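Note that this is a predicted model, so its numbers are computed, not measured.
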Amino acid sequence: MPQLRLSDRCWDVAPASNLLDALLAAGVPVPYSCRAGSCQACLVRCVAGEPQDAKPDALDVARREQGWRLACQCSVVEPLQLEVFDPTRDAMPAQIQALDWLSERVVRLRLVPQQPMRYRAGQHLLLWTADGIARPYSLASLPGEDAWLEFHIDCGRPGAFCDAVRQLQVGDSLRLGALSGAALHYDPDWQEKPLWLLGAGTGLAPLWAVLREALRQEHQGPIRVVHVTSAPTQHYLASALQEVASRHEQVQIELIDAAALPAFLGNLRPASRQTVALLCGGPQTVDALSRRLYLAGLPRGQLFSDLFLPHA
């Protein structure tokens, strides 16, 4: 049976065991969220030995060369010596500059990192609390323009991270973990094409960044922004979106409530087969939008989506 070694501990595990499950079963507090290789919360470093990795491309080359692996995607096939990701050692500190409730359930969190950080509009970043709770959140800020990192956090349901956010104050610190996500972006080659940005709930956050990136790059085609929420009071960026539309005549804003979603889907048809659509939010709404756009004739290669998966 292969062995796992962590610090001064060593124990046997069954061959082909999932590495995350093996660590959790032994009482090792490895954070995790999606178990799908997307959130990148369950990082471990392989000091010796190599697991069988189901998603080797989920991490960038630099981190893989340093030995980092996603425990949820690895199987134990030989002895491994490991180090668990330590946010106090391996993550960058950032100070809370602002914390504002944009609606009864959405908090806008603005962080200033200890060092400047390179990222792209549409990416997401792993946030760590002081108590070691880690969750990925999409960046709503615009790189090179905003002096902070902005996140829109849905605190409408109880959860370890959301409960911690409710206790945070300006001046407190969080730590920044892995940067990931490439599905949502703006491509300059789209400049003349119709661009649709469809977000559900706080899935609007990365699309807010992509919208401003497109306008910064002087997008010429029409831009349609659709925000789907459970209730009218949850259109938390309505004023900001309308202000952008007032300054850019090619931007059209539509605020859709859940009750009106079936009718909206029934009439959803791209005006052009050149349309590029970016979708973000919970799986149910994103799947419904994707299916409708595909059936309406939008090629799959022009549809990009990012799912907000619930905590596993």
Side-chain angles (χ1 to χ4, degrees), residues 1-94 117 119 123-139 151 159-164 174-183 282-283 305-312:
M1 298 178 70
Q3 286 188 331
L4 295 183
R5 183 178 297 276
L6 181 70
S7 187
D8 58 353
R9 295 184 58 187
C10 185
W11 69 99
D12 294 333
V13 299
S17 295
N18 177 269
L19 180 54
L20 177 60
D21 289 339
L23 291 168
L24 294 175
V28 180
V30 180
Y32 66 94
S33 184
C34 69
R35 281 187 175 267
S38 298
C39 74
Q40 304 198 1
C42 59
L43 277 172
V44 296
R45 190 200 298 267
C46 296
V47 179
E50 184 65 34
Q52 181 176 312
D53 193 342
K55 280 192 174 181
D57 296 332
L59 294 177
D60 58 52
V61 173
R63 277 185 289 176
R64 286 192 60 82
E65 288 179 347
Q66 294 168 358
W68 293 109
R69 301 291 183 269
L70 298 178
C72 72
Q73 297 301 307
C74 289
S75 301
V76 184
V77 293
E78 64 181 56
L80 297 175
Q81 182 178 347
L82 303 168
E83 291 180 356
V84 175
F85 187 92
D86 180 354
T88 62
R89 177 195 64 201
D90 302 316
M92 183 192 303
M117 192 172 172
Y119 65 97
Q123 288 192 288
H124 34 86
L125 187 63
L126 195 66
L127 301 184
W128 289 80
T129 70
D131 296 329
I133 304 168
R135 295 290 185 273
Y137 286 95
S138 293
L139 285 149
F151 305 89
F161 194 93
C162 292
D163 292 345
L174 295 176
R175 286 188 173 263
L176 311 178
L179 180 68
S180 57
S305 63
D306 191 5
L307 297 179
F308 283 3
L309 299 173
H311 178 56

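Atom CG in L6 sits 11.0 Å away from atom CG in L80 (nearest 0.5 Å). In this structure, OG on S180 lies 4.5 Å from NE2 on H124, to the nearest 0.5 angstrom. To the nearest 0.5 angstrom, C46 atom SG is 13.0 Å from Q66 atom CD. A distance of 7.5 Å separates CG in L139 from CD in Q123, rounded to the nearest 0.5 Å. The distance from the CG atom of L4 to the SG atom of C10 is 8.0 Å, given to the nearest 0.5 Å. Considering CG of L82 and CG of L23, their distance stands at 6.0 Å, rounded to 0.5 Å.
Residue pairs meeting the ring pair (Phe, Tyr, Trp, His ring centres under 6.0 Å) criterion with at least one member in residues 60-83, sequence neighbours excluded, are W68-F85. Residue pairs that meet the salt bridge (charged side-chain N to carboxylate O under 4.0 Å, His left out) test with at least one member in residues 21-34, sequence neighbours left out, are D21-R35. For the side chain to side chain donor-acceptor pair (under 3.5 Å) condition, the pairs that include at least one residue of residues 43-52, sequence neighbours left out, are R45-E83, E50-R69.
For Q3, the side chain to side chain donor-acceptor pair (under 3.5 Å) partners are D12, not counting sequence neighbours. By the ring-ring contact (aromatic ring centres under 6.0 Å, His included) test, Y119 is found to be paired with no residue, residues two or more places apart in sequence or in another chain being considered. Not counting sequence neighbours, the partners of R64 by the side chain to side chain donor-acceptor pair (under 3.5 Å) test are D53. Taking P93 as the reference, Q114, R175 meet the side-chain contact (heavy atoms from CB on, under 4.5 Å) condition, with sequence neighbours excluded. For the salt bridge (charged side-chain N to carboxylate O under 4.0 Å, His left out) test, no residue two or more places apart in sequence or in another chain qualifies with D86. Shown here are the side-chain contact (heavy atoms from CB on, under 4.5 Å) partners of C39, two or more places apart in sequence or in another chain: S33, C34, A41, P136. Remark: T129 pairs with D131, I133, F161, A164, L174 by the side-chain contact (heavy atoms from CB on, under 4.5 Å) rule, at least two apart or across chains. For R63, the salt bridge (charged side-chain N to carboxylate O under 4.0 Å, His left out) partners are D60, not counting sequence neighbours.
Shortest non-hydrogen contact noted between C72 and N18 is O-ND2, 2.9 Å. Residues G37 and Q73 share a closest heavy-atom pair of N-NE2, 3.4 Å. Shown here for S138 and F151, the closest heavy-atom pair between the two residues is O-CD2, 3.4 Å. For the residue pair L125 and L176, the shortest heavy atom distance occurs at CD2-CD2, 3.9 Å. In this structure, A134 and P31 approach most closely via the heavy-atom pair CB-CB, 4.1 Å. The shortest non-hydrogen separation linking L307 to P283 is CD2-CA, 3.8 Å.
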Open item on the list: Would L70 and K55 count as a side chain to side chain contact (heavy atoms under 4.5 Å, CB included) here? Give the steps.
Closed with: CA-CA 8 Å; L70 298 178; K55 280 192 174 181; 5.8 Å; no
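In this structure, the side chains of V13 and P2 come closer than 4.5 Å at one or more pairs of heavy atoms. Put simply, the side chain of Y32 reaches to within 4.5 Å of the side chain of L24, judged on heavy atoms. Counting only heavy atoms from C-beta outward, the side chains of L126 and R135 never approach each other to under 4.5 Å.
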